[in-house]
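Quick one: structure below, then a few questions.
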Amino acid sequence: MADFSACPICNLRVLTSELERHANSHFDDEDIDKDFELAQQIALDLACAPSSPPYIPCETSSQKDRECSILKYEAKNCNPGGKDIDEKVRILSSVYLNETRPQIGQGLMDLLKNCLELETEKTTTILCVNVDHFQSSHSEDYGWGCGWRNIQMLSSHLLKQRQEAREVLYGGSGFVPDIPSLQRWLEIAWKRGFDKQGSEDFDRAIYGKRNWIGTTECATLFRSFGLRARIVDFVSREIDIRSSGVGKCVGSMTPQVYGPMDVYLSKGKNAVSKAVPISYDVKAKPNVQQALIDWVWNYFSDNKSRKYGNHGILVSQKAPLYFQHDGHSRTIVGIQMKCQRNGPMQYNLLILDPGHTTESLAKSLKGNFGWQKLIKRGVHTLKKPLYQLCFLDPGIASGEEIESLKNLHSIRVEA
């Protein structure tokens with residue numbers, strides 16, 4: 001038996017599998033005349049036909065498109081004022097289109113803490129709590145969706161850990177949206193005036209596109225809900241960045257500060273992002289790695305951390321970090337320091353990568369085998385000349401501070 005659900009906007013009953021497509025049709029301004037003509041033709045065909053049972057859409061794509069065209073026309077005309085921002089917010093927050101992910105039983109961060117507790121070396125580890133892993137899907141976003149997946153990971157933490165964030169994020173819906181819905185939320189942020197300059201890189205529209213995004217878009221999205229999202233650039237003094245493309249200026253300390261991902265943004269509509277050539281002095285030896293490590297250690301280290309177990313594990317109340325470099329982005333969920341005899345401290349970033357499957361991560365952690373290669377990243381693995389982080393300060397902005405959040409600036413750390 002077919003599974004139907006009621007549209008929260010027009011109350012039409014549609015196939016549950018078509019609910020997302022139908023709900024998104026309320027946002028579309030294109031093809032309305034075509035849809036109207038098709039709807040009229042179908043209505044005429046039904047009127048002229050002999051008595052027959054109610055129309056039930058079959059599994060063929062052409063019939064699904066015909067059904068969707070009728071629904072799109074009716075939905076648009078039953079709510080003619082539904083194109084303003086407040087109405088779009090209501091639609092997005094009321095349609096339960098959360099991101100599905102593999103069920104692994106015990107939380108991933110709890111599994112990680114258990115493995116860290118079993119390590120024999122003398123270490124100190126600081127970890128986030130309540131972070132779900134979101135993997136890129138080969139059928140949906142593989143090769144371009146890592147930025148969205150990191151936003152989902154940060155969102156999962158905020159919704160579980162910060163009540164004030166839960167009340168404002170995604171209209172108070174309480175769940176992590178799927179990628180198409182996140183794209184709609186970002187468009188709303190742009191329409192509200194957040195990062196107007198950055199929105200130009202996407203022609204002020206991102207829904208349905210497969211463009212790469214970066215920390216700028218992450219910060220913009222969270223800022224639009226009043227969250228205090230900040231950006232930090234880690235840049236070597238020895239590098240003179242030159243790009244054949246046009247990057248966005250997100251820095252406040254110098255006239256031009258380019259985030260590592262900004263020079264890779266594609267401006268083509270509905271196309272997979274292609275890297276814009278970037279060059280720098282190959283003889284230069286960037287020394288940003290230690291600056292990055294020091295910053296991350298200081299970020300997670302605060303007097304609110306609590307001890308877990310008996311093996312030097314501290315649980316931080318800080319949110320995870322969106323970690324960006326040219327070509328990829330990941331989520332930093334903690335950092336580990338190992339004491340070495342007659343040598344400097346050795347650090348490992350603890351990272352959740354959207355490129356890994358949740359199932360493989362859970363399996364390696366449950367078996368306490370091979371997880372280090374998936375999650376730990378030492379200083380020696382940080383070979384890029386530029387890095388960028390997005391972090392979230394606590395609290396919710398209001399009033400004049402909200403207006404100030406519309407203009408993005410980055411903190412520049414040179415090493």
inquiry  = Salt bridge or not between E164 and R166? Use side-chain N to carboxylate O under 4.0 Å.
reply    =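 R166 and E164: not salt-bridged.
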task = Just do the side-chain hydrogen bond (donor to acceptor under 3.5 Å, both in side chains) check on R330 and H325 with the steps written out, would you?
result = CA-CA 9 Å; R330 294 166 286 177; H325 56 78; 3.3 Å; yes
query = Are the side chain of E403 and the backbone N or O of E400 linked by a donor-acceptor pair below 3.5 Å?
reply =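 No; zero donor-acceptor contacts below 3.5 Å.
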task = Would you kindly say whether H409 and R230 are connected by a side-chain donor-acceptor distance under 3.5 Å?
result = no
message = How long is the straight-line distance from CG of L392 back to CZ of R223, given to the nearest 0.5 Å?
response =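 One finds 10.0 Å between CZ of R223 and CG of L392.
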ask   = With a 4.0 Å cut-off, would you call K160 and D132 a salt bridge?
value = yes
inquiry  = Nearest 0.5 Å, please: how far is OH in Y170 from CZ in F175?
reply    = 10.5 Å
message = I'd like to check the side-chain contact (heavy atoms from CB on, under 4.5 Å) partners of N298; sequence neighbours left out, ordered by chain and number.
response = none
query = Y299 ring centre to K318 NZ or CZ under 6.0 Å, with the angle to the axis within 45°?
reply =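 Pair K318/Y299 counts as cation-pi.
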query = To the nearest 0.5 Å, what is the distance between CG (L127) and CG (L112)?
reply =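 Between L127 CG and L112 CG, I get 5.0 Å after rounding to 0.5 Å.
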inquiry  = Run the side-chain hydrogen bond (donor to acceptor under 3.5 Å, both in side chains) test against S139 and tell me which residues pass, sequence neighbours left out.
reply    =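 For S139, the residues satisfying side-chain hydrogen bond (donor to acceptor under 3.5 Å, both in side chains) (neighbours in sequence not counted) are S137.
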query = Just checking, is any N or O donor in the side chain of H133 or D353 under 3.5 Å from an acceptor N or O on the other one?
reply =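 Judged by distance alone, the side chains do not pair up.
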task = Would you kindly say whether Q336 and K376 are connected by a side-chain donor-acceptor distance under 3.5 Å?
result =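 The criterion, which ignores hydrogens and geometry beyond distance, is satisfied for K376 and Q336.
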ask   = Charged N to carboxylate O under 4.0 angstrom, E200 versus R204?
value =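 Answer for the salt bridge query: yes.
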Expected output: side-chain N150 to main-chain C146 donor-acceptor under 3.5 Å =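 Checked: pair present.
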query = What about the rings of Y387 and F323, do their centers lie closer together than 6.0 Å?
reply =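 Yes - the distance between ring centres of Y387 and F323 falls below the 6.0 Å cut-off.
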inquiry  = Suppose we call two aromatic rings close when their centres sit under 6.0 Å apart. Are F391 and W295 close by that rule?
reply    = yes
task = May I ask you to establish whether R149 and F134 are in a cation-pi arrangement, using a distance under 6.0 Å from NZ or CZ to the six-membered ring centre and at most 45° from the ring axis?
result =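 Cation-pi check for R149 and F134: fails.
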request  = State, to 0.1 Å, how close T216 and I231 come at their nearest heavy-atom pair, and which atoms those are.
outcome  =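 It is CA-CD1, 3.9 Å.
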request  = Identify the residue among L186, D178, D141 that makes a side chain to side chain contact (heavy atoms under 4.5 Å, CB included) with W148.
outcome  = L186
key: Atom of L227, atom of A165 and distance for their closest heavy-atom approach   =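 Nearest pair, atom of L227 first, then A165: CD2-CB, 4.4 Å.
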task = Would you check if the side chain of Q161 reaches a backbone N or O of N130 as a donor-acceptor pair within less than 3.5 Å?
result =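 Checking the backbone N and O of N130 against the side chain of Q161, no donor-acceptor pair under 3.5 Å is found.
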Exercise: do T357 and Q135 side chains pair donor with acceptor under 3.5 Å = no
